[in-house]
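Both backbone and side-chain heavy atoms feed into the values below; hydrogens, waters and symmetry mates do not. Ligands are counted one by one from 1 in listed order, and the atoms in each one are counted from 1 as well.
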Amino acid sequence: MHRDCKCILFTEEDIRRRVAELGEEITRDYSSGQLFAIGILKGSVLFFADLVRAIQVPVLMDFMGVSSYQNRSETSGEVRILKDLDFSVEGRDVLIVEDIVDSGYTLRYLCDTLERRGAKSVKVVTFLDKASARRAEVEIAYRGFEVPNAFIVGYGLDYAEQYRNLPYIGILREELYQHA
Ligand code: IMP
Ligand code: MG
């Protein structure tokens, strides 16, 4: 385990197993058509790559970059698009792929935006759900695991752009971001 982690929440094996289950669920629900999977940069990239390989229906892939924490460990409630989609969502069944839902502000904004742009349907899959930190109302169709209200790193998730490449999911030691 990395020395900046307090503990490991989910091992590589836990992750592999849960992603396979999510892929099966999504495959079943979208069996009649094509899916427009939108990965939210950069946190969801590792989950996205694993998930699309576990989905057995045709997947159109695209990415969106939004501002969130800006190197702080607290959320601002403000969302800005830094990188927009290459394709139109109009008439498409959209699946937003997130790493973690915390306050829910990011997702609330994204769902509203994509619905306004004419998506046929908008659903959300998030690997992690920090449900106790929720402030905005969002509907999550698929979730990997619920996590405690702590700072989570690894498997794409960062603190100040570090730890994204850890193959497991852990809790960051508090002393690394408190009083920082
Ligand atoms: P929300 O808008 O507060 O729901 O925040 C969503 C985004 O904040 C996620 O997509 C993550 O990129 C980031 N985030 C929230 N909690 C954590 C965490 O514990 N570790 C790393 N990133 C996080
Ligand atoms: Mg994110």
Side-chain angles (χ1 to χ4, degrees), residues 1-12 14-15 18-19 22 37-52 61-85 94-116 122-180:
M1 181 174 77
H2 194 291
R3 62 190 163 86
D4 293 352
C5 285
K6 192 162 98 175
C7 63
I8 292 178
L9 282 179
F10 306 109
T11 64
E12 288 187 72
D14 297 332
I15 294 170
R18 192 68 188 109
V19 171
L22 290 170
I38 300 177
I40 308 307
L41 300 171
K42 301 171 216 169
S44 78
V45 163
L46 277 68
F47 174 48
F48 188 96
D50 288 340
L51 183 69
V52 291
M61 302 195 276
D62 209 342
F63 297 92
M64 253 176 127
V66 295
S67 68
S68 55
Y69 279 13
Q70 286 161 346
N71 293 353
R72 298 195 338 257
S73 60
E74 265 172 67
T75 196
S76 62
E78 250 173 77
V79 181
R80 215 155 38 92
I81 296 180
L82 304 175
K83 186 236 171 273
D84 211 332
L85 297 169
V94 167
L95 182 65
I96 299 175
V97 182
E98 258 289 26
D99 49 357
I100 186 166
V101 183
D102 185 1
S103 70
Y105 287 131
T106 307
L107 217 47
R108 179 71 271 143
Y109 172 82
L110 287 169
C111 290
D112 291 347
T113 302
L114 300 179
E115 270 159 19
R116 201 165 359 92
V122 178
K123 285 216 242 175
V124 173
V125 55
T126 186
F127 195 59
L128 303 177
D129 183 7
K130 219 188 262 183
S132 58
R134 196 63 31 81
R135 293 204 208 165
E137 207 189 305
V138 283
E139 204 183 310
I140 297 171
Y142 313 95
R143 91 194 63 215
F145 298 106
E146 192 169 320
V147 292
N149 194 4
F151 211 85
I152 315 290
V153 294
Y155 195 56
L157 289 123
D158 75 307
Y159 173 67
E161 295 299 326
Q162 286 190 80
Y163 317 110
R164 289 195 198 275
N165 62 324
L166 297 180
Y168 49 83
I169 291 169
I171 295 184
L172 190 67
R173 291 186 181 281
E174 282 98 5
E175 60 266 33
L176 292 168
Y177 58 89
Q178 282 171 357
H179 325 290

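Side-chain N or O atoms of Ser44 include none that pairs as donor or acceptor with a backbone N or O of Phe47 at under 3.5 Å. With Arg164 contributing its side chain and Leu157 its backbone, the two residues share no donor-acceptor pair below 3.5 Å.
When Phe127, Tyr155, Phe63 are each tested for a ring-ring contact (aromatic ring centres under 6.0 Å, His included) with Phe48, only one passes: Phe63.
In this structure, Arg116 does not pair ionically with Asp112, as no charged nitrogen and carboxylate oxygen lie closer than 4.0 Å. Salt-bridge check for Glu146 with Lys130: failed, with every basic side-chain N at 4.0 Å or more from each acidic carboxylate O. Between Glu139 and Lys123 there is no salt bridge, since no side-chain N of the basic residue sits under 4.0 Å from a carboxylate O of the acidic one.
Close contacts between ligand 1 and Lys130 involve ligand atoms 16 (N), 17 (C), 18 (C), 19 (O) [criterion: under 4.0 Å to a heavy atom]. For ligand 1 and Glu98, the ligand atoms under 4.0 Å from any heavy atom of the residue are 10 (O). Using a 4.0 Å cut-off to heavy atoms of Ala150, the atoms of ligand 1 that qualify are 19 (O). For ligand 1, the atoms closer than 4.0 angstrom to any heavy atom of Thr106 are 1 (P), 2 (O), 5 (O), 6 (C).
Distances from atom 7 (C) of ligand 1 to the heavy atoms of Leu110, Val147, Ile100, Ile40 put Ile100 nearest.
When only interatomic distances are considered, the shortest N/O to N/O separation between Ile152 and ligand 1 falls below 3.5 Å. Close N/O approach between Val153 and ligand 1 is not found [any backbone or side-chain N/O within under 3.5 Å].
A heavy-atom separation below 4.0 Å is not found between Leu107 and ligand 1. Contact between Gly43 and ligand 1 is absent, with no heavy atom of the residue lying under 4.0 Å from the ligand.
Inspection of the Thr126 and Asp129 side chains reveals no N or O donor paired with an N or O acceptor under 3.5 Å.
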